[in-house]
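Notes to accompany the following structure.
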Amino acid sequence: SIAAYSGALGAALGIMVANLSAGKRGWEDKLDYFSTIALEGQKIKEELLFLVDEDTRAFDLVMQAFSLPKSNEKEKATRKAAIENANIYAAKIPLRVMETAFKSFNIIKEMAEKGNQNSITDAGVGALCTRTAIEGAYLNVRINLSGIADEGVKNEIKQKAEAISASAKLIEGEILTTVNTKIKD
């Protein structure tokens, strides 16, 4: 849940830079451009806020599955299947956080490059929040993979998560390089 919140903060900072850029004097001709970016960021932020609660729900499903009765073979089989399904869902939700948060990088990168340069540090902090979201969610994916027996599902989720994590590190670095280059101190 906190990873998703961090992602929502990253998206919100990208939105803020877009909104501040849209209102900049002399950039009236760019209002539609920045407004479109802000709306795209808003959708990402809303999805991440939804995932805050969905992560809690996924954890609750795991706990419910473990509390199922196991006094006979039928109950044991039902419980085992419920635990497997709940663990898969519990791994897929933070993966979805990773995927959704990663979309914010496009907005943040664009705002670092083309947005109001008086808000350049907000783009930098947005990149940091987004990377935090992705890495936090990645940790949750990894811990939840340990409870999945289906190796095919486990490997598919793991590969997607690893790829997003690696890409996030690179794009965060690109954004921070842009931000640091533009800061005049």
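- Summarising the local packing, NZ of Lys182 is surrounded by more than 12 heavy atoms from other residues, nucleotides or ligands at distances under 6.0 Å.
- Taking the side chain as every heavy atom from C-beta outward, Arg96 and Lys92 never approach each other to under 4.5 Å.
- Using modelled atom types, one side-chain atom of Asn144 and one backbone atom of Ala90 make a donor-acceptor pair closer than 3.5 Å.
- A donor-acceptor pair is defined here as one N or O able to donate and one able to accept, closer than 3.5 Å; no such pair exists between the side chain of Asn87 and the backbone of Ile148.
- At a threshold of 4.5 Å between non-hydrogen side-chain atoms, the residues Ile164 and Tyr138 do not count as touching.
- Judged purely by atom type and a 3.5 angstrom limit, Asp55 has no side-chain atom pairing as donor or acceptor with the backbone of Leu51.
- Residues Leu128 and Leu176 have side chains in contact (heavy-atom distance under 4.5 Å, counting atoms from C-beta outward).
- Centroid-to-centroid, the aromatic rings of Tyr33 and Trp27 stay 6.0 Å apart or farther.
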Worked check of side chain to side chain contact (heavy atoms under 4.5 Å, CB included) between Met98 and Ser165: CA-CA 8 Å; Met98 293 177 76; Ser165 176; 4.3 Å; yes
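- At least one donor-acceptor pair under 3.5 Å links the side chain of Glu75 to the backbone N or O of Ser71.
- Cation-pi geometry between Arg57 and Phe59 is not met: the NZ or CZ atom fails to fall both under 6.0 Å from the ring centre and inside 45° of the normal.
- Side-chain contact between Ile183 and Asn180 is present, with heavy atoms from C-beta onward closer than 4.5 Å.
- With hydrogens and angles left out, the side-chain atoms of Glu113 and Thr178 include no donor and acceptor closer than 3.5 Å.
- For the pair Glu84 and Lys80, the salt-bridge criterion is not met [side-chain N within less than 4.0 Å of a carboxylate O].
- Thr56 and Ser1 form a side-chain donor-acceptor contact under 3.5 Å, judged by distance and modelled atom types alone.
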